[in-house]
Amino acid sequence: MYSNKENINILTALLVQHKVKHVVVCPGSRNSALVHNFNEHPDLICHPVTDERSAGFMALGMSLQTFNRPVAVCVTSGSALLNLLPAVAEATYQKCGIVVISADRPAQWVDQLDGQTLPQQGALGNFVAKSVSLPEPHNDEERWYCARLVNEAFIALGRTYKSVHINVPVTEPFFDFTAKELPKVRCTQLVKWEDEDSREMLIDQICSSHRPMVVFGQNSRFDIADEIVEVLGERVPVLYEPLGIDEMPVCLTDQMISVIDCEDDSYHPDLVLYFGGHTVSKRLRQYLRKLPESVRVIMVNNDGELRDVTMHADFVVLGDGGDNYEMQKKIYDNVNHVYSLDKAYTRKWAALRKKVEKAHLAYEPEYSSMLAVKFFEERYNGNTVYYANSMSVRLGSIYADHHIKCNRGLNGIEGSLSTAAGASLAEPDKNVFCVIGDLSFFYDENALWQQQLSGNFRILLLNNNEGAIFRSLKGLEASPVRDTMIAASHNLTAKGICKQFSLNYKTVTKKEELEEGIKWLCTVKSKRPVVLEVITKAEDDQRVYNEYYKAISI
């Protein structure tokens, strides 16, 4: 029988799946449930050692003797953890990491005169590659989070060969050993492309798929990404956004996901290859998270970090540290030559894209921010384009058929204008465009307080006098302060700011002026930055945006 503590059971299950065999255990009450679990599992061998200083070095010796196979050492709360530091430091400099597991007291009792209680997470400092603290979970998302933290630690261990620290807060009572079995937990493994066995195992995973799907997140821009979209997209669903890769057809990813029933298993892949970082589409993220547990997910990036936006990651693929073209080509070739594709699945996705694309091309928005972006993208001529966050980048994702840039690391509105302005200074011989909403523009207007800015910096300002995206949040309309205090409604224009900074400025207030205004923005000769302010109404912008998605779904 195992402990009734879910974080301890998740950790125990993953220790075994990550091929830990030996655990050095030290005495204590707070870690008693951990020690009990480790001793209960038939695949773990426990070695009791009283002195924590000695225990750490014994774990190091076992790891060295077993050719760096991960070995764990488990201690109780308080100063017991600090006694492991000499062994952890030695392991770091020998490039032979150990897995430090410390029981801990609840965080609310740190520095509250409770015995054996100190801030334990991070206590081993720079001598560990990763330090995580496992929550005591109460729902499925917290269970996933707990497991993900353990997987992150083991991936860091495999990537850096430094020790890792897994801190386990445990509340009383400790001694309830009533769980008949350990939970089934997804183990996320690090695949090093340079390791032949790992590489072949990954290829086997791909080749055994019948319903693969490829997803490109922000800044994928892999050498072969365009070829994947162009060629592979004819055989399997490839979902991408203009933040991810270079020239390609309009993405339509968010639109397709908005149409399908996420519970319809005929659309479900059995394998997802995820390249790169963030996605703008919240619908896509939610769709991936709702996929059945049986789906396999392979995350491909250049640093080997676990960033599991899908909640289903099985593998994190670390490139070779240099030119990753060979890795990308090999993955592409194997997906492209999966011989047992489920043709009904691929036909269904292809038909969906065709249907959505037809509706997308047929939709003609009324005068709005959406129409402004549509006209702008129709005049795109190969220049660098930055979109600000919130509604601006969502509109860009609908119409752009080229790579666009956006501060999607944290997704804040601050600095959107400054980032684009900086880009224009770095590339003075080429136009740099910034498509930005009014709140983002006014928030960051000091970006224009830079005398070196010149006429190559072009701004399309979408001014609907508030943060219009807040109109799309269901339920918020019930608040009497939605417009004034949340959406920050105002009656400002950029005319005075542009005069203050000597910018070349023009305003548009109706459809008849819009196309000519976009042409002016793109072609006018100017020594100073150029601003086209498109003034619309927030309620019209939201209505047009909603009508677009209704048209897509018919």
Enter the distance from [X]:[atom1] to [Y]:[atom2] here, rounded to the nearest 0.5 Å.
X      : Y      : atom1 : atom2 : value
Leu532 : Asn463 : CG    : CG    : 11.5 Å
Leu503 : Ile497 : CG    : CD1   : 9.5 Å
Asn383 : His402 : CG    : NE2   : 9.5 Å

Salt bridge or not between [X] and [Y]? Use side-chain N to carboxylate O under 4.0 Å.
X      : Y      : result
Glu293 : Arg186 : yes
Glu152 : Lys130 : yes
Asp314 : Arg296 : no
Arg379 : Glu515 : no
Glu547 : Arg543 : yes
Glu6   : Arg143 : yes

Would you call [X] and [Y] a side-chain contact if the rule is heavy atoms closer than 4.5 Å?
X      : Y      : answer
Val280 : Arg408 : yes
Tyr367 : Leu514 : yes
Val110 : Asp104 : no
Trp520 : Asn504 : yes
Gln451 : Phe501 : no
Asp264 : Ile260 : no
Leu190 : Leu318 : yes
Asp438 : Leu492 : no

**Message:** As a test of understanding, state which of Lys495, Glu533, Arg528 forms a side-chain hydrogen bond (donor to acceptor under 3.5 Å, both in side chains) with Tyr505.
**Reply:** Glu533
Would you find more than 12 non-hydrogen atoms of other residues, nucleotides or ligands less than 6.0 Å from [X] atom [atom1]?
X      : atom1 : value
Tyr145 : OH    : no
Asn126 : CG    : no
Lys374 : NZ    : yes
Lys430 : NZ    : yes
Gln108 : CD    : yes
Tyr443 : OH    : no

Strictly distance-based, threshold 3.5 Å: is any side-chain N or O of [X] a donor or acceptor partner for the main-chain N or O of [Y]?
X      : Y      : result
Ser258 : Met256 : no
Gln218 : Cys406 : yes
Arg211 : Ser266 : yes
Asn389 : Ser440 : no
Asn456 : Glu427 : yes
His312 : Val295 : no
Asn167 : Gln120 : no
Ser526 : Pro529 : no
Thr188 : Ala313 : yes
Trp349 : Val236 : no

**Request:** Take Glu305 and Arg159 through the salt bridge (charged side-chain N to carboxylate O under 4.0 Å, His left out) test and state the conclusion after the steps.
**Result:** CA-CA 9 Å; Glu305 289 277 0; Arg159 192 181 69 251; 3.1 Å; yes
Non-hydrogen atoms of [X] and [Y] that approach each other most closely:
X      : Y      : result
Ser368 : Val544 : OG-CG1, 3.6 Å
Ala153 : Val164 : O-CG1, 3.2 Å
Val250 : Tyr399 : CG2-O, 3.7 Å
Ile10  : Pro137 : CD1-CG, 4.4 Å
Gly437 : Ala388 : N-CB, 4.5 Å
Ser397 : Pro242 : CA-CG, 3.7 Å

**Request:** Determine whether the side chains of Gln112 and Thr117 contain a donor N or O and an acceptor N or O closer than 3.5 Å.
**Result:** no
Mind checking whether [X] and [Y] have ring centres under 6.0 Å apart?
X      : Y      : result
His403 : Tyr240 : no
Phe376 : Phe433 : yes
His490 : Phe442 : yes

**Asked** Honestly, is Arg148 close enough over Trp144, meaning NZ or CZ under 6.0 Å from the six-membered ring centre and within 45° of the axis?
**Response** yes
**Lys/Arg cation over aromatic Tyr387: Lys405, 6.0 Å, 45° cone** = no
**Message:** Let's go through Ile535 and Val508 carefully: what are the C-alpha distance in whole Å and the side-chain angles of both, what is the deciding distance for side-chain contact (heavy atoms from CB on, under 4.5 Å) to 0.1 Å, and is it a yes or a no?
**Reply:** CA-CA 6 Å; Ile535 297 177; Val508 167; over 6 Å; no
**Prompt:** Should Leu243 and Val393 be marked as a side-chain contact (heavy atoms from CB on, under 4.5 Å) after you check the CA-CA gap, both sets of side-chain angles, and the distance that decides it?
**Reply:** CA-CA 9 Å; Leu243 280 74; Val393 72; 3.8 Å; yes
**Message:** Determine whether Asp444 and Asn446 satisfy the following criterion, side chain to side chain donor-acceptor pair (under 3.5 Å), listing intermediate values before the conclusion.
**Reply:** CA-CA 5 Å; Asp444 196 23; Asn446 279 341; over 6 Å; no
**Asked** Is the His268 ring parallel, tilted or perpendicular to the Tyr287 ring (thresholds 30°, 60°)?
**Response** tilted
**Asked** Going through the checks in order, is the side chain to side chain donor-acceptor pair (under 3.5 Å) test met by Ser369 and Asp541?
**Response** CA-CA 6 Å; Ser369 293; Asp541 280 356; 2.7 Å; yes
**Fill in**
Which of Tyr549, Tyr545, Tyr548 passes ring pair (Phe, Tyr, Trp, His ring centres under 6.0 Å) with Tyr363? It is Tyr548
**Asked** So Leu425 and Leu453, side-chain contact (heavy atoms from CB on, under 4.5 Å) or not? Walk me through it.
**Response** CA-CA 7 Å; Leu425 293 174; Leu453 291 176; 4.0 Å; yes
**Asked** Can you name the one residue among Thr536, Asp540, Ile398, Leu462 that meets side chain to side chain contact (heavy atoms under 4.5 Å, CB included) with Met370?
**Response** Ile398
**Request:** Check the pair Thr507, Thr493 against side-chain contact (heavy atoms from CB on, under 4.5 Å), reporting the backbone distance first and the verdict last.
**Result:** CA-CA 9 Å; Thr507 186; Thr493 73; over 6 Å; no
